[in-house]
Amino acid sequence: MDASRLNPRQKEAVFHGDGPLLIVAGAGTGKTRTLAFRIARLVSDGVPPDQILAVAFTNKAADELRGRVRSILRGKGSPPPISTFHSFGVRVLRQDAERLGFKRNFTIYDTSDQLSVMREVARESHVVGRDLDAKKLLWIISRAKNDGVAPDPGDGSDEYRLLAAQLYPRYAAALRAYNALDFDDLLLMTLRLFRDEERVLRAWKKRARHILVDEFQDTNHVQYDLVRLLAGRSGNLTVVGDDDQSIYGWRGAAPGNIHGFVRDWPQTKVITLDQNYRSTCTILTAANAVIENNPHRRPKNLWSDLGEGVPVTVLACRAGEDEASAVVERIVSLIAEKRCRGGDCAVMFRTNAQSRLFEDALRRAGLRYVVIGGMRFYDRKEVRDLVAYLSCLHNPRDEVSLLRILNYPPRGIGRETVHRLQAASLAGGRPLVEVMKGAASVEGVAERQAGAVTGFLARVEEMRRWFRPGSLAEATRRLVGAVGLEEALLRSVKDRDAGHRKVENVREVVSALAAFERGEPRADLGDYLAAANLSGREDESEEPAADSVVLLTVHAAKGLEFRHAFLAGFEEGLFPHERSCLAPGGLEEERRLAYVGMTRAMESLTITYTGERTRWAREVVCEPSRFLAELPEDAVRFEQASAAEGPGDAEDEARIAGEYLARIRSRL
DNA sequence: GACGGAGGTCTTTTT
DNA sequence: GACCTCCGTC
């Protein structure tokens with residue numbers, strides 16, 4: 001291990017002995033590096049890797065950390081398992097879920113599965129309210145679960161709060177009946193297990209003699225409690241965080257955990273990293289100027305000796321399309337002039353929907369690109385359908401998946417039949433599959449429909465036998481053929497290309513499964529399903545090529561860095577987003593988000609905004625973001641995107657862009 | 001009773 | 001532009 005390239009403070013953190021350690025590390029100060037070195041140091045000091053528990057928040061961050069540790073160790077010792085909080089929960093629950101009344105082959109429900117359950121629950125509970133927003137109910141429930149409490153009905157003035165509290169027990173019961181856990185349960189149930197089962201906690205404490213948590217400002221209460229239980233009073237616990245980069249308050253993160261940490265472990269050693277090794281001074285000055293507008297902030301003095309660099313560019317554009325082509329134009333010339341590669345350039349935006357414009361522009365320019373996040377591969381309908389088949393085979397009680405595939409492709413089991421089966425299931429308190437087995441005796445189900453139902457079940461039984469460890473991909477290929485999925489897809493779509501693309505996606509699942517099997521030959525279907533449900537971020541088939549321009553949300557960009565960064569859509573209502581400004585502290589979080597985005601840039605940073613933008617098929621006039629007015633004038637160069645090519649009044653476009661430019665200048 | 005087509009409604013960020 | 005719901009037809 002070569003620690004010579006660490007600065008004194010980083011070294012101190014890496015070689016800190018036992019006991020709690022808090023590393024307060026600003027953006028770009030080498031916190032991942034420090035953490036990686038610390039893990040490697042533990043391993044090379046002889047700590048068995050399976051006694052180290054390293055946790056990151058996203059799979060991407062976990063991969064990154066794992067890669068760094070491996071390269072520091074250079075084959076001397078193997079890196080410890082590095083998981084996300086959620087995948088750690090799965091590992092624990094896979095062993096002991098039975099103690100909580102779940103079976104070990106439980107299914108993980110994602111947001112849309114949750115939505116199905118909630119709609120069902122609302123229907124059964126006769127909460128019919130036409131425009132009942134199930135998402136809102138789930139949102140309230142999720143926030144409560146993240147805080148580790150039951151949903152609070154409030155004083156009755158908030159209808160949704162009340163309803164969420166009323167429906168929550170039914171929702172939880174449904175999940176239990178389906179042998180399914182939602183994302184929040186993966187944490188909450190793990191915590192419950194640790195609290196209730198001394199033996200389980202003891203066993204995991206042995207495997208967590210050293211705990212390291214990245215992005216600690218993003219932990220919620222449940223995660224904090226998990227860590228606290230595992231680490232114990234005098235734990236060997238290292239956490240890294242930066243409260244200026246707390247951007248997950250909306251999903252229950254409690255950035256106060258950083259300060260609570262010092263309260264809970266008074267003997268904590270605190271090390272602050274403030275030298276930035278990523279960005280030019282100009283970029284840092286601009287980012288600091290923005291974040292300084294946040295009240296109640298712990299002042300920080302982030303500095304860099306990487307030189308002035310070029311000014312931050314603020315680029316005024318007429319409309320969303322012009323913004324995209326202007327950005328792409330600049331990327332093209334960066335690649336041409338400076339010989340940087342596409343992969344050195346990133347376009348960041350506030351919402352996933354913004355990516356399409358940039359994708360179009362990049363395609364037109366003939367540049368390769370990758371979209372990180374966005375529509376997840378496993379979110380595509382055709383992929384979900386296939387995964388639902390697999391899930392039913394693995395966990396017959398997974399009712400959401402069962403209902404999804406029961407009549408897909410169509411096999412004569414219509415809505416009425418399904419309703420009758422469900423009613424019988426509800427009345428008898430028996431799982432839907434069990435009721436289906438005796439479909440013929442269910443009231444109101446005709447012989448023909450009953451035959452379709454039992455025929456379907458027989459088919460499922462038969463297919464279940466095909467799935468053995470080592471033959472998962474092959475069995476899935478057979479399933480696709482036997483069920484006629486590809487034919488159904490081609491039939492359902494008018495556009496032939498779209499149909500073929502869907503077929504490709506289905507085959508991609510088979511390939512992904514084959515790849516997964518090669519990596520873990522002993523894995524069963526449940527292992528694959530869990531991995532698919534937790535990881536499904538980017539398209540795994542897509543290798544992050546060095547010449548692909550990176551498109552991603554600012555959230556997804558956290559922890560990453562790019563030589564040339566473009567931040568798009570700095571407009572009021574979009575960034576800061578109107579929906580987040582409603583919540584208390586929402587604007588501050590948006591500002592931290594802007595800060596995170598700006599501090600991704602190494603050499604150049606370009607921020608763009610438009611005068612109008614298409615938002616759900618309507619042209620909306622846009623005001624420049626207030627964050628633009630917070631930029632220090634001497635670090636910034638204002639420019640205006642050249643009038644777009646194509647039809648349109650060039651003079652008019654120039655005039656409009658000029659007006660916006662004048663307006664933003666006047667605000668400074 | 002099953003199924004396909006048409007219309008209305010929303011889109012913040014993620015495990 | 002994607003999804004859910006409703007409605008008319010087979």
Side-chain angles (χ1 to χ4, degrees), chain A residues 55-62 83-90 108-112 114-116 119 130-136 139 142 145-146 181-188 215 218-220 222-223 246-253 348-354 356-357 372-376 378-381 407-420 444-446 448-449 452 488 491-494 498 530 533-537 552-558 569 573-583 586 589-590 592-594 596-597 614-618:
Chain A
V55 189
F57 268 80
T58 62
N59 298 292
K60 213 167 179 45
S83 35
T84 63
F85 270 105
H86 291 84
S87 65
F88 172 72
V90 173
I108 300 165
Y109 275 2
D110 68 10
T111 317
S112 75
Q114 288 178 277
L115 212 51
S116 304
R119 289 210 181 102
R130 186 102 313 265
D131 47 350
L132 178 84
D133 187 347
K135 265 189 207 147
K136 204 163 164 183
W139 172 263
S142 174
K145 284 168 107 170
N146 281 321
L181 300 169
D182 65 22
F183 283 135
D184 303 322
D185 286 333
L186 294 179
L187 307 173
L188 200 55
E215 308 278 18
D218 291 333
T219 51
N220 62 35
V222 172
Q223 288 162 331
S246 160
I247 55 174
Y248 285 105
W250 55 273
R251 69 169 211 211
M348 292 176 273
F349 28 76
R350 179 63 181 81
T351 67
N352 282 305
Q354 288 167 262
R356 172 152 275 119
L357 287 173
I372 309 279
M375 176 64 142
R376 291 157 46 180
Y378 287 99
D379 277 347
R380 286 162 222 242
K381 185 191 168 298
N407 196 38
Y408 182 81
R411 48 175 75 91
I413 308 171
R415 209 183 53 204
E416 279 309 308
T417 306
V418 173
H419 277 165
R420 285 181 180 143
V445 175
R448 179 162 149 195
Q449 276 75 25
R491 229 180 305 126
S492 70
V493 189
K494 278 189 190 147
N533 248 319
L534 290 180
S535 82
R537 236 24 237 171
L552 72 186
T553 63
V554 182
H555 280 91
K558 187 158 76 143
L574 185 60
F575 203 167
H577 199 282
E578 55 203 354
R579 306 255 325 223
S580 46
C581 292
L582 303 174
E589 183 154 307
E590 292 290 302
R592 290 192 293 269
L593 195 55
V596 166
T614 315
R615 267 180 112 180
W616 59 94
R618 176 171 265 142

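The sequence lines fix the lettering, A, B, ..., with proteins before strands; numbering per chain opens at 1. From a predicted model like this one, the values you see are computed outputs, not experimental measurements.
Here the P atom of nucleotide B:dT13 and the CE atom of A:Met348 are 16 Å apart, to the nearest Å. Rounded to an integer number of Å, the gap from A:Arg119 CZ to C:dC4 P is 6 Å. A straight line from CG of A:Asn220 to P of B:dT15 spans 14 Å, rounded to a whole angstrom. Separating the CD1 atom of A:Ile108 from the C1' atom of B:dT15 is a distance of 10 Å, rounded to the nearest angstrom. Separating the CD1 atom of A:Ile372 from the P atom of B:dT14 is a distance of 12 Å, rounded to the nearest angstrom. Across the protein-nucleic acid pair, A:Arg350 atom CZ and B:dT14 atom C1' stand 12 Å apart, rounded to whole Å. Taking atom CZ on A:Phe88 and atom C1' on B:dT15, their separation rounds to 16 Å, with Å as the unit. Between A:Gln114 atom CD and B:dT14 atom C1' the separation is 12 Å, expressed in whole Å.
For the OP1/OP2 pair of B:dT11 and a distance below 4.0 Å, the side-chain nitrogens and oxygens of A:Arg579 include at least one atom meeting the criterion. Proximity of A:Asn407 to the phosphate of B:dC3: a side-chain N or O atom is located under 4.0 Å from OP1 or OP2. Regarding contacts with the backbone of B:dT14, every side-chain N or O of A:Asn59 stays at 4.0 angstrom or more from both OP1 and OP2. For the pair A:Lys558 and B:dT13, the criterion of a side-chain N or O lying under 4.0 Å from OP1 or OP2 is not met. Checking the phosphate oxygens (OP1, OP2) of B:dT15, no side-chain nitrogen or oxygen of A:Asn533 falls inside 4.0 Å. A close approach under 4.0 Å does occur between a side-chain nitrogen or oxygen of A:Arg420 and OP1 or OP2 of B:dG1. Between B:dT15 and A:Ser87, no contact under 4.0 Å exists linking OP1 or OP2 to a side-chain N or O. The shortest distance between the side-chain N/O atoms of A:Thr417 and the OP1/OP2 oxygens of B:dA2 is below 4.0 Å.
Aromatic stacking of A:Phe57 on B:dT15: not satisfied for centres closer than 5.5 Å together with planes under 30 degrees.
Here the CG-CG distance, from A:Leu188 to A:Asn146, works out to 8.5 Å after rounding to the nearest 0.5 Å. Separating the OG1 atom in A:Thr58 from the NE2 atom in A:His555 is a distance of 12.0 Å, to the nearest 0.5 Å.
Comparing B:dT14, B:dC3, B:dG1 against the side chain of A:Arg251 picks out B:dT14 as the nearest. Proximity note for A:Thr553 (side chain, C-beta onward) versus B:dT12, B:dT13, B:dT15: the nearest is B:dT13. Listed candidates were C:dC4, B:dT14, B:dT12. Nearest to the side chain of A:Asn352 is B:dT14. For A:Arg356, the listed nucleotide lying nearest its side chain is C:dG1; candidates were C:dG1, C:dC4, B:dG1. Closest approach to the A:Tyr248 side chain among B:dC3, C:dC4, B:dT14 is made by B:dT14 (side chain taken as heavy atoms from C-beta onward).
Of all heavy-atom pairs spanning A:Ser580 and A:Glu590, the tightest one is OG-OE2, 2.8 Å.
When heavy atoms are screened at a 4.0 angstrom cut-off, A:Gln449 is found touching the sugar-phosphate backbone but no base atom.
With hydrogens and angles disregarded, no donor-acceptor distance shorter than 3.5 Å links the side chain of A:Arg350 to the backbone of A:Phe575.
Checked by distance alone, A:His86 brings a side-chain donor or acceptor within 3.5 Å of a matching partner on the base of B:dT15.
Comparing A:Ile247 and A:Val418 by the nucleotide of DNA chain B that holds the closest heavy atom to each, the one mapping nearer the 5' end is A:Val418.
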Checklist entry - Could you go step by step and tell me if A:Phe183 and A:Phe85 meet the side-chain contact (heavy atoms from CB on, under 4.5 Å) rule? => result CA-CA 10 Å; A:Phe183 283 135; A:Phe85 270 105; over 6 Å; no
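Note that A:Lys558 lies outside the cation-pi zone of A:Tyr248, set by a 6.0 Å cut-off to the ring centre and a 45° limit from the axis.
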